[in-house]
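Protein chains get the first letters and strands the later ones, always in sequence-line order, with residue 1 at the start of each. Quick caveat, the model's predicted, so the values are computed rather than measured.
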Amino acid sequence: MSSSRVALKASKGKVVKKSAADEDDGLAAVAAKFVKEWSTFAMKKAKVITHYGFIPLVIIIGMNSDPKPSLSQLLSPV
Amino acid sequence: MATLIPPSPATETTSPASPAAAEQQKVDYLNMPCPVPYEEIHREAMMSLKPEIFEGLRFDFLKGLNQKFSLSHSVMMGPTEVPQAPELVKIPTAHYEFGANYIDPKLMLFGRVMTDGRVNARLKCDLTENLTLKGTAQLAHEPHMSHGVFHFDYKGSDYRAQLQLGNGALVGASYIQSVTPHLSLGGEVFWAGQHRKSGIGYAARYNTEKMVATAQVASTGMVALGYVQKVSEKVSLASDLMYNYMSRDVTASFGYDCILRQCRLRGKIDSNGVVSSFLEERLSMGLNFLLSAEIDHRKKDYKFGFGLTVGE
């Protein structure tokens, strides 16, 4: 009988400890989830921007370098 | 009588001079040359043994708009291999690729876009004198088919260190150090989060003016040994052994690389029964003709290609 009571007390203690740890964990978990979600969102946008914008970026940087090539030189096949 | 003077004092005076001269040439361990980057440790062997063999037609047109900026147009027609069990299936494809390059001492940008929307981008930027940022990316429209890696390279006086960050939670680091003027040793470690794989590897490179010997071991099961000997000004011979101790797969290859005035001819023979050859002939200024052949006797796969490159 005593052993079962002791067992009950022990389990109650554990439950109390678990809820306090849970709160801490919950905050860290929420922060981690927020960072992960936000970084995934940023990565997706960065991927789309790079996909469409890298070659135009190279062309703009090249057209503004010295000596400046003209637009006809860019578009003509010769 | 002078001739009867025993030569020993003369030799005595000269013999300390030669060890002294030898001592001056003795290795200054604090003043070593900078080693090659870790990923280029097999550079000579790769250049000789692995030219870009292609199948079909290839036409490249490189147009320079000014010193730093150039555009490139490429057409490629030929079968591409799709691995479909139990054998390789070849599907004829044709595509056009447009590219733009910007090359500056401090910044290099290289971009290629294909007709199916895939973009291949490379970036190299010198942030400071010793720190370089490099990035490569292959981007596609399909989700989860894109891949990108950033490298931060630090070049010290006799060492190089590199940090890699890539998508799929790929983190890697490598370090290579010159130990003697001819020998450099290095190691790398990487962790791929998405595939839950990690690995560690070591490499050593011994080079003199006439030969380069390299060895590399990795925990992914790869052991690679290479030896390149420069036989003359124009010809060098290379041999290579790749052994995977996990899958018990061995490949040995032996090849040659002849750089002549008007052409460059590379050929190799393999222990898998593959004989390949690659010729780049300079027909005139800015006009290069390419011929590529690969014969796989075991799989009965014959690949022949020809191409033309216009522009420097």
Side-chain angles (χ1 to χ4, degrees), chain A residues 7 10-78, chain B residues 59 61-73 75 96-114 116-125 135-150 165-169 193-194 286 310-311:
Chain A
S11 66
K12 252 200 211 158
K14 270 195 214 148
V15 161
V16 164
K17 268 194 202 145
K18 202 174 154 196
S19 66
D22 231 0
E23 250 181 50
D24 278 342
D25 272 345
L27 218 79
V30 161
K33 204 175 94 170
F34 181 69
V35 165
K36 196 163 146 194
E37 227 174 78
W38 181 83
S39 73
T40 314
F41 170 80
M43 279 287 117
K44 282 206 174 124
K45 295 299 172 198
K47 184 240 170 192
V48 171
I49 289 173
T50 315
H51 197 144
Y52 286 105
F54 189 76
I55 299 241
L57 173 77
V58 178
I59 291 178
I60 287 172
I61 291 181
M63 291 301 274
N64 287 337
S65 64
D66 277 323
K68 263 197 180 196
S70 64
L71 198 61
S72 59
Q73 268 186 309
L74 180 72
L75 298 173
S76 86
V78 173
Chain B
F59 179 73
F61 176 50
L62 194 68
K63 179 167 97 167
L65 293 180
N66 71 23
Q67 274 286 56
K68 305 179 182 180
F69 180 51
S70 53
L71 297 175
S72 91
H73 306 267
V75 175
Y96 163 74
E97 190 180 60
F98 171 73
N101 318 328
Y102 178 76
I103 300 176
D104 194 43
K106 288 211 160 187
L107 173 68
M108 188 201 91
L109 297 168
F110 175 96
R112 293 276 184 273
V113 63
M114 298 226 250
D116 52 5
R118 274 186 290 163
V119 170
N120 188 355
R122 271 174 35 199
L123 156 85
K124 176 175 160 302
C125 176
T136 58
Q138 277 101 36
L139 306 167
H141 276 297
E142 295 96 24
H144 303 295
M145 293 295 288
S146 313
H147 183 65
V149 185
F150 278 105
L165 300 167
N167 81 333
Q194 212 165 48
V310 182

| CZ on B/Arg118 to NE2 on A/His51, rounded to 0.5 Å | 10.0 Å
| query | Between B/Asn66 and A/Ser65, what is the shortest heavy-atom contact and its length? | reply | ND2-OG, 3.2 Å
| request: Any chance you could measure A/Asp66, atom CG, to B/Lys68, atom NZ, to the nearest 0.5 Å? | output: 7.0 Å
| query | Between A/Lys68, A/Lys47, A/Met63, A/Lys44, which residue shows the highest count of heavy-atom pairs closer than 4.5 Å to chain B? | reply | A/Lys47
| field | Straight-line distance of A/Leu75 CG to B/Leu71 CG, nearest 0.5 Å | value | 9.5 Å
| Region of B/Ala140 in contact with chain A, defined by heavy-atom distances below 4.5 Å | backbone
| field | Interchain contact, B/Asn101 with chain A, by part (heavy-atom threshold 4.5 Å) | value | backbone
| task | Answer yes or no: is there a side-chain heavy-atom contact under 4.5 Å between B/Phe110 and A/Val58? | result | no
| Can you tell me how far the CD1 atom of A/Ile61 sits from the CG atom of B/Asp104, to the nearest 0.5 Å? | 9.5 Å
| A/Ser70 versus chain B, heavy atoms under 4.5 Å apart: side chain, backbone, both or neither? | neither
| query | At a heavy-atom separation under 4.5 Å, does B/Leu65 approach chain A through its side chain, its backbone, both, or neither? | reply | both
| So do the side chains of A/Phe54 and B/Leu109 get within less than 4.5 Å of each other, counting heavy atoms only? | yes
| For the student: nearest non-hydrogen atoms of B/Lys63 and A/Gln73, plus distance | NZ-O, 2.7 Å
| said: Using heavy-atom distances under 4.5 Å, tell me whether A/Ser39 contacts chain B through its side chain, its backbone, both, or neither. | reply: neither
| message | Tell me whether A/Tyr52 at atom OH has more than 12 heavy atoms from other residues, nucleotides or ligands lying less than 6.0 Å away. | response | no
| field | Under 4.5 Å from any heavy atom of chain B - which part of A/Met43 | value | neither
| request: Drop me the distance from A/Leu57's CG to B/Tyr102's OH, to the nearest 0.5 angstrom. | output: 11.0 Å
| request: Please name the pair of heavy atoms, one in A/Pro69 and one in B/Phe69, separated by the smallest distance, quoted to 0.1 Å. | output: CG-CD2, 4.5 Å
| field | Per-residue contact mode, B/His141 against chain A (heavy atom under 4.5 angstrom) | value | both
| query | Would you say B/Phe59 has more than 12 foreign heavy atoms packed within less than 6.0 Å of its CZ? | reply | yes
